[in-house]
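As structure tokens, the structure follows; a few thoughts come after it.
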Amino acid sequence: ALGEGALSSEASATPALVPGAPTGLTATSANQQVTLNWTAPTSDGGSAITSYKIYKGTVSGSVTFLAAIGNVTTYTATNLVNGTTYYFKVSAVNAIGEGAQSTEASAMPAVSVPGAPTGLTATGSPGQIALSWTAPSNNGGTAITNYRIYRGTVSGTNPFLIQVASTPTSYTDTSVSAGV
């Protein structure tokens, strides 16, 4: 009723925000699993990062929550189906809440090396031999990236000659000697 009293001593605070998005997300495949690695966000929002959330899906751009982990920057997703492409995102969490998700990374778990190509044919003509084959029915759970050609002059002894792209499934060897 008599008026305003003296001011208190001063106090200050900076409002905290959710953390930024993790960066550099990579996905490395192995048999029935994918290992994720990332870098912590450049901004923790003014509050220490306490954990990360992992998101997974089988369609690009459509991921759902998979797991919450501690304050570590690696995670291995297990019990995955070999030959299926998985998409992942990661978000950081602090005391305020969950930040934005990282950019997407994908990987396809693979079980083995590919099977042998089939139907190999070799057709000789002057100064060359044309090879043709069919891709293996088992690609080992991941796309075939190239083929290795071996050639020798004694049956069963075929040293490495050249590596070629996965398509087309043919190669013409022009470094042969006539009559050999």
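For this chain, numbers begin at 1 and follow the sequence in order. Excluded from the calculations below are hydrogen atoms, water molecules and symmetry mates; all remaining heavy atoms, backbone and side chain alike, are included. These figures come from a predicted structure and were not determined experimentally.
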| field | N71 side, atom CG; I49 side, atom CD1 - distance, nearest 0.5 Å | value | 6.5 Å

| field | Flag, side chain of N138 to backbone of G115, donor-acceptor distance under 3.5 Å | value | no

| Just checking, is any N or O donor in the side chain of Q101 or S91 under 3.5 Å from an acceptor N or O on the other one? | no

| Shortest non-hydrogen contact between S166 and Y147, atoms and distance | O-CE1, 3.4 Å

| message | Once rounded to the nearest 0.5 Å, what's the spacing between atom OG1 of T50 and atom CD of E98? | response | 10.5 Å

| task | Just do the side-chain contact (heavy atoms from CB on, under 4.5 Å) check on N82 and N31 with the steps written out, would you? | result | CA-CA 7 Å; N82 288 328; N31 184 24; 2.7 Å; yes

| message | To the closest 0.5 Å, what do you measure between OG1 (T76) and CD (Q32)? | response | 13.5 Å

| message | Just verifying a value: how many Å separate D44 CG and I96 CD1, rounded to the nearest 0.5 Å? | response | 10.5 Å

| message | Has Y86 got a side-chain atom pairing as donor or acceptor with P109's backbone, closer than 3.5 angstrom? | response | no

| query | Hey, what else clusters with Y87 if you join Ile, Leu, Val, Met, Phe, Trp, Tyr whenever side-chain heavy atoms sit under 4.5 Å? | reply | Y55, V63, F65

| said: With clusters defined by side-chain heavy atoms of hydrophobic residues (ILVMFWY) lying less than 4.5 Å apart, directly or transitively, does Y75 cluster with Y52? | reply: yes

| query | Are R148 and F160 close enough that some pair of their side-chain heavy atoms sits under 4.5 Å apart? | reply | yes

Please set out all donor-acceptor pairs under 3.5 angstrom arising from side-chain atoms of residues 169-180, sequence neighbours excluded.
{"unit_1": "T169", "atom_1": "OG1", "unit_2": "W133", "atom_2": "O", "d": "2.9"}
{"unit_1": "D173", "atom_1": "OD1", "unit_2": "R151", "atom_2": "NH1", "d": "3.3"}
{"unit_1": "D173", "atom_1": "OD1", "unit_2": "S175", "atom_2": "N", "d": "2.9"}
{"unit_1": "D173", "atom_1": "OD1", "unit_2": "S175", "atom_2": "OG", "d": "2.7"}
{"unit_1": "D173", "atom_1": "OD2", "unit_2": "R151", "atom_2": "NH1", "d": "2.6"}
{"unit_1": "S175", "atom_1": "OG", "unit_2": "R151", "atom_2": "NH1", "d": "3.1"}

